[in-house]
Amino acid sequence: MGRKEICMLEDDIEYLNGAFPEWESLKDGSWVLLPDFPIPEGYTVKEATVAIQLPGNYPTTAPDMAYFFPFIERSDGLAIPATQVSMNIDGKSFQRWSRHYKPGTWHPDEDGLAIHVMAIKDWLERSAS
């Protein structure tokens, strides 16, 4: 069983246990790691570990961005905007995808990690084409 170092919402734990059984959480930085995250067609890798940083007042504040290890690139070689920064997470260099929610689109009473993972999948789909 992986590291579970931070307290999390029960709904998020249930979602992660079902969708990413090998998920981990790291106290240092409040990271949630999702290994074996499927990457859609159009990229140089088929799967990656995704890191999500939970803000201190989550879920009142939405998680922001997504971080990928290994770095992912488009298969056609075209650049993916706002992905050129790296971040050391758990001793590995993760690629930061700078993506943000529009004001009013995150609903803290309803939204959680499942919504953020859907957003990440949408970001991947849109950036592949």
Side-chain angles (χ1 to χ4, degrees):
M1 179 161 238
R3 298 166 288 179
K4 307 287 192 279
E5 298 177 356
I6 59 176
C7 293
M8 296 181 55
L9 300 172
E10 191 61 38
D11 286 348
D12 288 341
I13 292 170
E14 288 178 26
Y15 167 72
L16 293 172
N17 285 341
F20 301 95
E22 302 299 317
W23 72 274
E24 295 185 286
S25 65
L26 308 177
K27 186 174 184 176
D28 184 22
S30 294
W31 293 102
V32 175
L33 303 178
L34 308 178
D36 306 321
F37 193 94
I39 306 299
E41 293 286 323
Y43 291 101
T44 55
V45 299
K46 300 267 186 228
E47 60 184 33
T49 296
V50 174
I52 300 167
Q53 189 170 37
L54 298 180
N57 56 350
Y58 171 81
T60 301
T61 300
D64 199 26
M65 302 190 263
Y67 300 77
F68 293 89
F69 177 84
F71 282 42
I72 59 176
E73 298 175 346
R74 287 175 50 130
S75 299
D76 61 11
L78 293 175
I80 305 166
T83 63
Q84 290 70 35
V85 174
S86 64
M87 175 96 159
N88 187 319
I89 303 168
D90 198 31
K92 296 177 181 145
S93 182
F94 279 70
Q95 176 189 34
R96 183 184 79 182
W97 281 47
S98 182
R99 306 290 189 271
H100 315 282
Y101 291 95
K102 292 179 182 172
T105 60
W106 179 263
H107 307 285
D109 294 335
E110 303 167 14
D111 295 342
L113 282 178
I115 294 298
H116 192 61
V117 168
M118 286 193 308
I120 293 169
K121 289 178 179 180
D122 182 59
W123 300 336
L124 286 164
E125 289 288 339
R126 286 193 283 145
S127 292
S129 56

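All residue numbers in this chain count up from 1 along the given sequence.
Within the 4.5 Å cutoff, no side-chain heavy atoms of D90 are placed close to those of W31. With contacts defined as side-chain heavy-atom distances shorter than 4.5 Å, the pair I115/M118 qualifies. Side-chain contact between P70 and V45: present, with at least one pair of heavy atoms (C-beta onward) separated by less than 4.5 Å. With a 4.5 Å cut-off on side-chain heavy atoms, W123 and T83 do not count as touching. Contact of the L124 side chain with the F68 side chain is registered, since non-hydrogen atoms from C-beta on lie closer than 4.5 Å. The side-chain heavy atoms of F37 and E47, taken from C-beta on, include no pair separated by under 4.5 Å.
Aromatic rings of H100 and W106 (six-membered ring for Trp) have centroids beyond the 6.0 Å cut-off, not under it.
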For this session: Would you sort out whether D111 and Y101 count as a side-chain hydrogen bond (donor to acceptor under 3.5 Å, both in side chains), showing the intermediate values?
Result: CA-CA 12 Å; D111 295 342; Y101 291 95; over 6 Å; no
Does the pair E41 and K46 meet the rule for a side chain to side chain contact (heavy atoms under 4.5 Å, CB included), with working shown?
CA-CA 8 Å; E41 293 286 323; K46 300 267 186 228; 3.9 Å; yes
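Remark: D122 does not engage R99 in a salt bridge, criterion side-chain N to carboxylate O under 4.0 Å.
Between the side chain of Q95 and the backbone N or O of F71, no donor-acceptor pair lies under 3.5 Å. Within the 3.5 Å criterion, the main-chain N or O of M65 finds a donor-acceptor partner in the side chain of H116. When atom types are taken as modelled, the side chain of K4 and the backbone of W23 share a donor-acceptor pair closer than 3.5 angstrom. Distance alone, capped at 3.5 Å, places no donor-acceptor pair between the Q53 side chain and the D64 backbone. Judged by distance alone, the side chain of Y43 and the main-chain N or O of A128 form a donor-acceptor pair under 3.5 Å. A donor-acceptor pair under 3.5 Å is formed between the side chain of T44 and the backbone N or O of E73.
Cluster annotation: W97 and F94 are assigned to distinct hydrophobic clusters (Ile/Leu/Val/Met/Phe/Trp/Tyr, side-chain heavy-atom contacts under 4.5 Å, transitive). Connection of L33 to F69 is established within a shared hydrophobic cluster, with ILVMFWY side chains joined at heavy-atom distances below 4.5 Å, either directly or through further cluster members. Both I13 and L54 are part of a single hydrophobic cluster, where members link through side-chain heavy atoms under 4.5 Å apart. By the criterion of side-chain heavy atoms lying less than 4.5 angstrom apart, applied directly or through intervening Ile, Leu, Val, Met, Phe, Trp or Tyr residues, V32 is grouped together with I39 in one hydrophobic cluster. The hydrophobic cluster containing V117 also contains I72, counting ILVMFWY residues as joined when their side-chain heavy atoms lie under 4.5 angstrom apart, directly or transitively.
Between the OG atom of S129 and the CG atom of L78 there is a distance of 11.0 Å, given to the nearest 0.5 Å. Rounding to the nearest 0.5 Å gives a distance of 15.0 Å between OG of S86 and NZ of K92. Annotation: the span from L16 atom CG to E22 atom CD amounts to 12.0 Å, rounded to 0.5 Å. Rounding to the nearest 0.5 Å gives a distance of 10.5 Å between OG of S25 and CG of L34. Rounding to the nearest 0.5 Å places CZ of R3 at 10.5 Å from CG of D28. Distance check: F20 CZ to T49 OG1 gives 10.5 Å after rounding to the nearest 0.5 Å.
Contact detail for P21 and G18: the closest heavy-atom pair is CD-O, 4.4 Å.
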